[in-house]
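Residues take their numbers from the sequence shown, with the count starting at 1.
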Amino acid sequence: MEQNKPQTEQEISQQAAVRRQKLADLCEAGHNPFEITKYAQDAYSADLKQEFADLPAEAETGKIVSLAGRMMSKRVMGKASFAHLRDQKGDIQIFVKRDLLGDEAYAAFKKLDIGDIIGVKGEVFRTKMGEISVRISELTLLSKSLLPLPEKFHGLTDREARYRQRYVDLIVNPEVKDTFVKRSLILKEIRAYLDEKGFLEVDTPILTPFEIGASARPFYTHHNTLNMDMVLRIETELYLKRLIVGGMDRVYEVGRIFRNEGMDPKHNPEFTTIELYQAFTDFHGMMDLVEEMYKRLALKVCGSLEITYQGKQIDMGHWERLTMVEAVKKYSGVDFNDWKTDEDAIAAAKEHHVELPEVPTKGAILAEFFDAFVEDKLIQPTFIYDYPVEISPLAKRKPNDPAFTERFEYFIDCTEYGNAFSELNDPIDQKARFERQVAERKAIEPDCKAQVDYDYVTALEYGLPPTGGLGFGVDRLVMLLTDSASIRDVLLFPTMKPIDQ
């Protein structure tokens, strides 16, 4: 079936045709389930199992409950039947007896299909086999499922279908829902941590007036009333730092970001980041914040500082700290301090078969050495700091070594998880870096529409206090804490190519 195209009669399976006939019969009899608007639900499966965990076999509780959910199994046995109802919190068995429900209602129950959404009322008890169940006295069909649930909708072969039809994936694979419950918990904990630290959550524009000079490729759209092209944001940084200028000393945003770039297990065109900025601290303050926050998340979500990710044991309780120069020397044997000129760096890159960057300066080549020799060694949590100024246009230079900036990234399982600076607050330096960045982009891509954000420079001219800033990807963090191999496993609706293409 092509996405977003209606099914033809030929495409509807025989089972689906039978279900549609059942719906037609119900409507003809005056029992159209889609006319029901609500159901009084007063209990949930998991809560009942917990409440009556010590109830002995064949014991009654006298407790009458109303449950609602999807019927996931049905076993008809003459005058009595069993089924399983799945609600928000799990599954529970229901016992359906003709004598108790009545002939007409029992006959209607027997015509129900797996996947139908029902409401039931009855008494909680434990069966002879020891299962907490509900002996129902009332049953209402709340919504008719017109398509049969797939028997097998899991495993690698069906991943594409699972991502496309996440609604089916959530129905038939309960563990998938657990991942997204954890995702929500992670966001809740991050917000709680930052709120406790005195940060204020804010919202900044998603539609921005022009493309900045950063290397990330944006999506373009058009605003009809203003008759102008607009860009979907590739970061939240520049607006958030304007707020620091305005006296909001601690701010953060949980923001959707859009980049018109490649896709792989760690990249999706739209993703969620958290950026935060704190006045009167530096990148070392951000390091301490990251370490404290990640330890708290590991304990809260995984119950331990020792977590397993894709078969590897990760110790979230221990974080190594290395400069980029130290890390490159440790893992490649090459010492940046031996390079006196850019030509020395180019020669070293050629000798070690390291790819040259578009603008081959010493600092940019050091970053290429890092990519080639270091990143794939960083399995345990590691801060890499003191980045070359060439690749850090928004970070403050180190006062004692202006070729480097007060910037770090942190890595877990050979993957970068976040980026932080002592923010550049010198408007003259910032303007020069922006202009150089845009000029370099246009030299490589003459048709590029990138512009310098002069309004941001103006904001800096009013005065940005010394500020520490941090940005990190929520999706990768969720992957780590839920042991998920692909970003698509932690996005409810990942970007997918239409089937007919």
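Remark: the backbone N or O of Glu237 is paired with a side-chain donor or acceptor of Glu235 at under 3.5 angstrom. Under the 3.5 Å distance criterion, the side-chain polar atoms of Arg488 are left unmatched by any main-chain donor or acceptor of Glu160. Judged by distance alone, the side chain of Tyr309 and the main-chain N or O of Ser484 form a donor-acceptor pair under 3.5 Å. Under the 3.5 Å distance criterion, the side-chain polar atoms of Glu423 are left unmatched by any main-chain donor or acceptor of Pro465. Formation of a donor-acceptor pair under 3.5 Å by the Lys312 side chain with backbone atoms of Ile379 is not found in this model. Of the possible donor and acceptor atoms, none in the side chain of Arg476 sits under 3.5 Å from a partner among the backbone N and O of Gly418. The main-chain N or O of Thr204 is found under 3.5 Å from a side-chain atom of Glu253 such that the two form a donor-acceptor pair. Remark: side-chain polar atoms of Asp87 are not paired, donor with acceptor, to backbone N or O of Tyr44 under 3.5 angstrom. Looking only at distances, no side-chain donor or acceptor of Asp249 sits under 3.5 Å from a matching main-chain atom of Ala279. With Lys177 contributing its side chain and Gln88 its backbone, the two residues share a donor-acceptor pair below 3.5 Å.
Counted within 6.0 Å of CD on Gln50, heavy atoms from surrounding residues, nucleotides or ligands total 12 or fewer; the atom is thus considered open. Counting heavy atoms of neighbouring residues, nucleotides and ligands inside a 6.0 Å radius, atom NZ of Lys49 exceeds 12 of them. Within 6.0 Å of the CG atom in Asp338, the count of heavy atoms belonging to other residues, nucleotides or ligands exceeds 12.
In this structure, the separation between OH on Tyr277 and OG1 on Thr236 is 6.0 Å, given to the nearest 0.5 Å. To the nearest 0.5 Å, atoms CG (Leu424) and NZ (Lys396) are separated by 7.5 Å. Interatomic distance, CZ of Phe34 versus CD1 of Ile36, reported as 10.0 Å (0.5 Å rounding). Rounding to the nearest 0.5 Å places CG of Leu460 at 9.5 Å from CG of Asp453. A distance of 6.5 Å separates CG in Leu289 from CG in Leu194, rounded to the nearest 0.5 Å.
By the 4.5 Å heavy-atom criterion applied to side chains, Trp319 and Met287 are not counted as neighbours. Inter-residue side-chain proximity for Met293 and Ile190 is flagged as met; some heavy-atom pair is nearer than 4.5 Å. Put simply, the side chain of Lys449 does not reach to within 4.5 Å of the side chain of Val231, judged on heavy atoms. Put simply, the side chain of Lys377 does not reach to within 4.5 Å of the side chain of Thr382, judged on heavy atoms. In this structure the side chain of Asp483 reaches within 4.5 angstrom of the side chain of Gln310, judged on heavy atoms. Between Gln380 and His318 the shortest side-chain heavy-atom distance does not fall below 4.5 Å. Counting heavy atoms from C-beta on, the side chains of Ile346 and Leu356 come closer than 4.5 Å.
For the residue pair Tyr410 and Glu291, no side-chain donor N or O sits within less than 3.5 Å of a side-chain acceptor on the partner. Thr308 and Gln313 share a donor-acceptor pair across their side chains, judged by distance under 3.5 Å alone. No side-chain donor-acceptor contact under 3.5 Å links Asp203 and Tyr239. One side chain, His222 or Asn227, offers a donor N or O that lies under 3.5 Å from an acceptor on the other. Neither side chain, Arg397 nor Thr405, offers a donor N or O lying under 3.5 Å from an acceptor on the other. Looking only at atom types and distance, the side chain of Asn419 has a donor-acceptor partner in the side chain of Arg407 under 3.5 Å away. There is a side-chain donor-acceptor pair under 3.5 Å between Thr415 and Lys266.
Salt bridge Glu326/Arg321: absent, no basic N to carboxylate O contact under 4.0 Å. Of the charged side-chain nitrogens involved, at least one lies within less than 4.0 Å of a carboxylate oxygen, so that Asp475 and Arg183 count as a salt-bridged pair. Using a 4.0 Å cut-off between charged nitrogen and carboxylate oxygen, Asp489 and Arg159 count as a salt-bridge pair.
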What's the verdict on side chain to side chain contact (heavy atoms under 4.5 Å, CB included) for Leu48 and Leu67, showing C-alpha distance, side-chain angles and the deciding distance?
-> CA-CA 11 Å; Leu48 293 175; Leu67 302 170; 4.0 Å; yes
Lys398/Val389 under side chain to side chain contact (heavy atoms under 4.5 Å, CB included): CA gap, chis, key distance, verdict = CA-CA 9 Å; Lys398 293 185 71 64; Val389 70; over 6 Å; no
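Scanning both residues, Ser45 and Ile92, for their nearest heavy atoms gives CB-CB, 3.7 Å. Of all heavy-atom pairs spanning Val245 and Ala459, the tightest one is CG1-O, 3.5 Å. Considering every non-hydrogen atom in both Pro265 and Met479, the closest pair reads O-CE, 3.8 Å. Nearest heavy atom pair, residue Ser332 against residue Val328, reads OG-O, 2.6 Å. The heavy-atom pair separating Pro150 from Val172 by the smallest distance is O-CG1, 4.4 Å.
Among Arg217, Arg441, Lys442, the one residue that satisfies the salt bridge (charged side-chain N to carboxylate O under 4.0 Å, His left out) test with Glu211 is Arg441. Of the residues Tyr331, Trp339, Phe336, the one that meets the ring-ring contact (aromatic ring centres under 6.0 Å, His included) test with Phe369 is Trp339.
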